[in-house]
**Student:** 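A single structure is presented below for examination.
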Amino acid sequence: QLQASGGGAVQAGGSLTLSCTATGNIVSIDAMGWDRQPPGKQREVVANIHRSGTTNYTASVEGRFTISRDNAKNTVSLQMNTLKPEDTGVYYCTLRMLGFDYWGPGTQVTVSS
């Protein structure tokens, strides 16, 4: 189970931090991350971090978002700075474990101009 928190509404230029904890039958997590689905658009990968610490970001958030992970606590966080209206959407915590992908229920992020 993936439990996310930290979504909300903020003005452009503001910051939010999303956090997610994986609980249950956790065997070996390969990667954790965040997807998002903007209104009326398809879901997209925002960022992910592998067990090794390697990170990947979609180009539109590079330099503004920072993903981090605590392997011991099975948590992942996404620090989002300099938010833009186009960052608005439902953010989903993701997890890859033993070759399978899992998503949490999503948390809303709304950035107003």
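Values below: every heavy atom of this structure, side chains too, minus hydrogens, waters and symmetry copies. None of these values were measured; they are calculated from a predicted model.
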**Student:** Might you point out which heavy atoms bring D35 and V45 nearest each other, and give the distance in Å?
**Tutor:** OD1-CA, 3.4 Å
**Student:** Checking T21 side chain against Q3 main chain: does a donor-acceptor pair fall under 3.5 Å?
**Tutor:**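 No; judged by distance alone, with no hydrogens or angles, the pair does not exist.
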**Student:** Is any side-chain heavy atom of V90 closer than 4.5 Å to a side-chain heavy atom of R43?
**Tutor:**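 Of all side-chain heavy-atom pairs linking R43 with V90, none is under 4.5 Å.
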**Student:** Side-chain heavy atoms under 4.5 angstrom apart, residues restricted to Ile, Leu, Val, Met, Phe, Trp, Tyr: same cluster for I26 and Y102?
**Tutor:**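 As far as the 4.5 Å side-chain criterion goes, Y102 and I26 are connected within one cluster.
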**Student:** Between Y57 (side chain only) and I67 (backbone N and O only), is there a donor and an acceptor less than 3.5 Å apart?
**Tutor:**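 Yes.
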**Student:** Minimum heavy-atom separation for C93 to V76, with atom names?
**Tutor:**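 Reported closest heavy-atom pair: SG-CG1, 3.9 Å.
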**Student:** Indicate whether any N or O donor in one side chain lies under 3.5 Å from an N or O acceptor in the other, for Q79 and T17.
**Tutor:**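 There is such a pair (donor and acceptor under 3.5 Å, judged by atom type) between the side chains of Q79 and T17.
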**Student:** With the side chain counted from C-beta on, respond yes when V10 and M80 share a heavy-atom pair under 4.5 Å apart, and no when they do not.
**Tutor:**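 When only atoms from C-beta onward are counted, M80 and V10 do not touch, as no gap falls below 4.5 Å.
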**Student:** Where is the tightest heavy-atom contact between A22 and I29, given as atom of each residue plus distance?
**Tutor:**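 Looking at all heavy atoms of both residues, the closest pair is CB-CD1, 4.4 Å.
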**Student:** Do side-chain atoms of R64 reach the backbone of T82 as a donor and acceptor pair under 3.5 angstrom?
**Tutor:**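 Yes: the side chain of R64 pairs with the backbone of T82.
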**Student:** Under 3.5 Å, is there a donor-acceptor pair between the side chain of R51 and the main chain of N71?
**Tutor:**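 Flag not set: sc R51 to bb N71 has no pair under 3.5 Å.
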**Student:** Any chance CD of Q108 has more than 12 other-residue heavy atoms, nucleotides or ligands included, within less than 6.0 Å?
**Tutor:**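 Enclosed.
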**Student:** Using atom types as modelled and distance alone, determine if a side-chain donor or acceptor of T88 lies under 3.5 Å from a backbone N or O of V111.
**Tutor:**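 Yes, because the side chain of T88 sits within donor-acceptor range (under 3.5 Å) of the backbone of V111.
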**Student:** Is there a donor-acceptor pair under 3.5 Å between the side chain of R36 and the backbone N or O of G89?
**Tutor:** no
**Student:** So L18 and Y92, do their side chains get closer than 4.5 Å, heavy atoms only?
**Tutor:**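 Y92 vs L18: side chains apart.
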**Student:** Which distance, rounded to the nearest 0.5 Å, do you find between the CG of L16 and the CG of N81?
**Tutor:** 9.5 Å
**Student:** With sequence neighbours excluded, what pairs up with D70 under the salt bridge (Lys or Arg N to Asp or Glu O under 4.0 Å) test?
**Tutor:** none
**Student:** Find the distance between CG (D101) and CZ (R96) and round it off to the nearest 0.5 Å.
**Tutor:**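 Taking CG in D101 and CZ in R96, the distance rounds to 4.0 Å.
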**Student:** Give me the atom names and distance for the closest heavy-atom approach of S19 to S77.
**Tutor:**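 Scanning both residues completely, I find the closest heavy atoms to be OG-OG, 3.5 Å.
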**Student:** So which heavy atom on L98 is nearest to which on D30, and how close?
**Tutor:**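 Heavy-atom minimum between the residues: N-OD2, 3.3 Å.
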**Student:** Report the distance from atom NE2 of H50 to atom OG1 of T55, rounding to the nearest 0.5 Å.
**Tutor:** 9.0 Å
**Student:** Applying salt bridge (Lys or Arg N to Asp or Glu O under 4.0 Å), name anything that partners E86, two or more places apart in sequence or on another chain.
**Tutor:**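 Not a single residue meets the salt bridge (Lys or Arg N to Asp or Glu O under 4.0 Å) criterion with E86.
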**Student:** Quick one: closest heavy-atom pair of E44 and P38, and the distance?
**Tutor:**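 Smallest interatomic distance, heavy atoms only, reads OE2-CG, 4.2 Å.
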